[in-house]
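Reading through the structure tokens given below for one structure.
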Amino acid sequence: MRGLSRASLAEVEERFNAVAGSADLGALSDELFAVADLLDREHGLRRALSDQARAAEQKVRVVHNLLDGKVGAAALATTEAAVSAKWSRAGDLADVLERLGVVAAAAEAEGQGRLDEVEDELFRFGRIVAGNPGLRRALADAAVPEEGKRELLRGLLEGKVAQSSLRLIAQLVVHPRGRSLETGLEEVGQLVAQQRQRLVAVVRSAVELSEAQKARLVTWLSTSYGRDVHLNVEVDKRVLGGFSVRIGDEIIDTTIVGRIEEVRRRLAG
């Protein structure tokens with residue numbers, strides 16, 4: 001988010017933080033996702049609630065008429081703050097509510113001591129989907145009803161991953177909001193990592209790294225970037241020795257393949 005929306009996001013986050021502490025975080029996450037999904041479906045409603053020319057009090061009344069008795073106090077207060085704020089574009093209103101739904105799920109996992117698990121499970125599910133075209137098609141098929149996709153995910157994941165992971169994956173599958181599943185998982189993974197203000201490093205290696213190697217890599221990256229780093233390690237047989245690390249848009253490539261590509265670029269240039 002940029003400009004006006006960035007400032008409004010900070011205001012809404014402040015309100016969210018004030019009310020989330022006493023809420024059932026899992027329920028709060030589901031409710032914020034539901035409100036974001038409603039705004040995505042009802043374009044007229046989204047435009048009306050993000051219209052800067054309308055008084056905030058009028059928009060809050062609309063929210064109460066829609067949501068009273070259907071969501072908890074924390075979700076209602078967060079939505080009130082969101083519609084009272086000013087957004088650069090109408091879509092940012094739904095974006096911020098979904099974002100805070102992710103934050104609530106991450107906070108739920110952190111309170112249960114399972115935040116590391118959730119980060120790992122989101123990453124691993126992304127790799128599973130990337131390696132299984134049939135599953136990817138089934139999850140992306142617009143002809144499959146919402147409940148059918150949820151049932152498929154429950155069969156695959158229930159009891160095998162944290163409830164917060166299942167909640168986040170289901171949101172991305174059922175309501176992709178214009179994103180590929182892989183892109184959505186990466187975005188959500190970054191938000192989950194921010195719960196501890198950590199960077200996420202995606203490591204590609206030809207072989208599985210030992211725990212000692214992972215620990216040394218984490219220490220090196222944390223020292224280099226001045227922040228805690230969470231590793232997501234992907235074994236890729238195409239890597240011919242060495243490894244590559246991606247943090248955001250920055251890539252550290254020590255692989256033989258990477259060196260060959262660098263030589264090719266120099267020769268071509």
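Keep in mind that what you see is a predicted model, and the values were worked out from it rather than measured.
- Atom CD of Q52 is surrounded by more than 12 heavy atoms from other residues, nucleotides or ligands within 6.0 Å.
- Every residue two or more places apart in sequence or in another chain was checked for a salt bridge (Lys or Arg N to Asp or Glu O under 4.0 Å) with E57, and none qualifies.
- Salt bridge absent: R6 and E13 never bring a charged side-chain N and a carboxylate O closer than 4.0 Å.
- With rounding to the nearest 0.5 Å, the separation of OG in S180 from CG in L172 is 10.0 Å.
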### Query
Is there a salt bridge (Lys or Arg N to Asp or Glu O under 4.0 Å) between R41 and E146 once you walk through the steps?
CA-CA 14 Å; R41 291 194 309 273; E146 175 179 326; over 6 Å; no

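- Scored by the salt bridge (Lys or Arg N to Asp or Glu O under 4.0 Å) test, E158 finds no partners at all (sequence neighbours excluded).
- Residue pairs meeting the side-chain hydrogen bond (donor to acceptor under 3.5 Å, both in side chains) criterion with at least one member in residues 128-143, sequence neighbours excluded, are R136-E182.
- The nearest pair of heavy atoms linking A82 to V96 is CB-CG1, 4.3 Å.
- Between L221 and I252 the shortest side-chain heavy-atom distance falls below 4.5 Å.
- Pairs of residues two or more places apart, or lying in two chains, that qualify as side-chain hydrogen bond (donor to acceptor under 3.5 Å, both in side chains) and include a residue from residues 64-77 are H64-D68, H64-E80.
- For the residue pair A109 and V118, the shortest heavy atom distance occurs at CB-CG2, 3.6 Å.
- The side-chain contact (heavy atoms from CB on, under 4.5 Å) test with T78 singles out one residue from V35, V71, V19, and that residue is V19.
- By the side-chain contact (heavy atoms from CB on, under 4.5 Å) test, D95 is found to be paired with M1, R89, D92, R177, residues two or more places apart in sequence or in another chain being considered.
- The structure places CG of L135 at 6.5 Å from CG of L152, a figure rounded to the nearest 0.5 Å.
- In this structure, L231 and V245 have side chains that are not in contact, with every pair of non-hydrogen atoms separated by 4.5 Å or more.
- Here L209 pairs with V203, S205, Q213, K214, L217, V233 under the side-chain contact (heavy atoms from CB on, under 4.5 Å) rule; sequence neighbours left out.
- Here L153 pairs with F125, L139, L157, L166, I169, A170, V173 under the side-chain contact (heavy atoms from CB on, under 4.5 Å) rule; sequence neighbours left out.
- S164 places a side-chain N or O within donor-acceptor distance of the main-chain N or O of A105, the cut-off being under 3.5 Å.
- Interatomic distance, CD of E119 versus CD of E117, reported as 11.0 Å (0.5 Å rounding).
- Considering all non-hydrogen atoms of both residues, L97 and A36 come closest at CB-CB, 4.1 Å.
- Atoms CD and CG, on E98 and L191 in that order, are 9.0 Å from each other to the nearest 0.5 Å.
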### Task
Verify side chain to side chain contact (heavy atoms under 4.5 Å, CB included) between V60 and S84, making sure each step is shown before the conclusion.
CA-CA 7 Å; V60 167; S84 298; 3.4 Å; yes

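- Checking side-chain atoms of K149 against main-chain N and O of V174 turns up no donor-acceptor pair under 3.5 Å.
- Although no hydrogens or angles enter the test, the distance criterion places a donor-acceptor pair under 3.5 Å between the side chain of E31 and the main chain of G72.
- For R46, the side-chain contact (heavy atoms from CB on, under 4.5 Å) partners at least two apart in sequence or on another chain are L39, D40, H43, A90.
- A continuous path of Ile, Leu, Val, Met, Phe, Trp and Tyr side chains, each step under 4.5 Å between heavy atoms, connects L168 with L156, placing both in one hydrophobic cluster.
- Side-chain atoms of S224 come within 3.5 Å of backbone N or O of W220 as a donor-acceptor pair.
- In this structure, CG on L28 lies 5.0 Å from CZ on F16, to the nearest 0.5 angstrom.
- Residue pairs that meet the salt bridge (charged side-chain N to carboxylate O under 4.0 Å, His left out) test with at least one member in residues 161-173, sequence neighbours left out, are D30-R167, E108-R167.
- Using a 4.5 Å heavy-atom cutoff, the side chains of I128 and F123 are not in contact.
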### Task
For salt bridge (Lys or Arg N to Asp or Glu O under 4.0 Å), just list the numbers for E186 and R179, CA-CA rounded to whole Å, side-chain angles, deciding distance to a tenth of an Å, and then say yes or no.
CA-CA 11 Å; E186 184 170 351; R179 302 165 296 207; over 6 Å; no

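- Residue L93 is grouped with residue L45 when hydrophobic side chains (ILVMFWY) are merged at heavy-atom distances under 4.5 angstrom, including chains of intermediate members.
- Between the side chains of S8 and S5, no donor N or O sits under 3.5 Å from an acceptor N or O.
- Not a single salt bridge (Lys or Arg N to Asp or Glu O under 4.0 Å) links E42 to another residue, sequence neighbours left out.
- Under the salt bridge (Lys or Arg N to Asp or Glu O under 4.0 Å) criterion, E11 pairs with no residue at all, not counting sequence neighbours.
- A donor-acceptor contact shorter than 3.5 Å is absent between the side chain of W87 and the backbone of A94.
- Between the CG atom in L32 and the CD atom in Q171 there is a gap of 10.0 Å [rounded to 0.5 Å].
- For K59 (side chain) and D51 (main-chain N/O), a donor-acceptor pair under 3.5 Å exists by modelled atom type.
- Remark: T219 pairs with no residue by the side chain to side chain donor-acceptor pair (under 3.5 Å) rule, at least two apart or across chains.
- In this structure, V144 and G148 approach most closely via the heavy-atom pair CG1-C, 4.3 Å.
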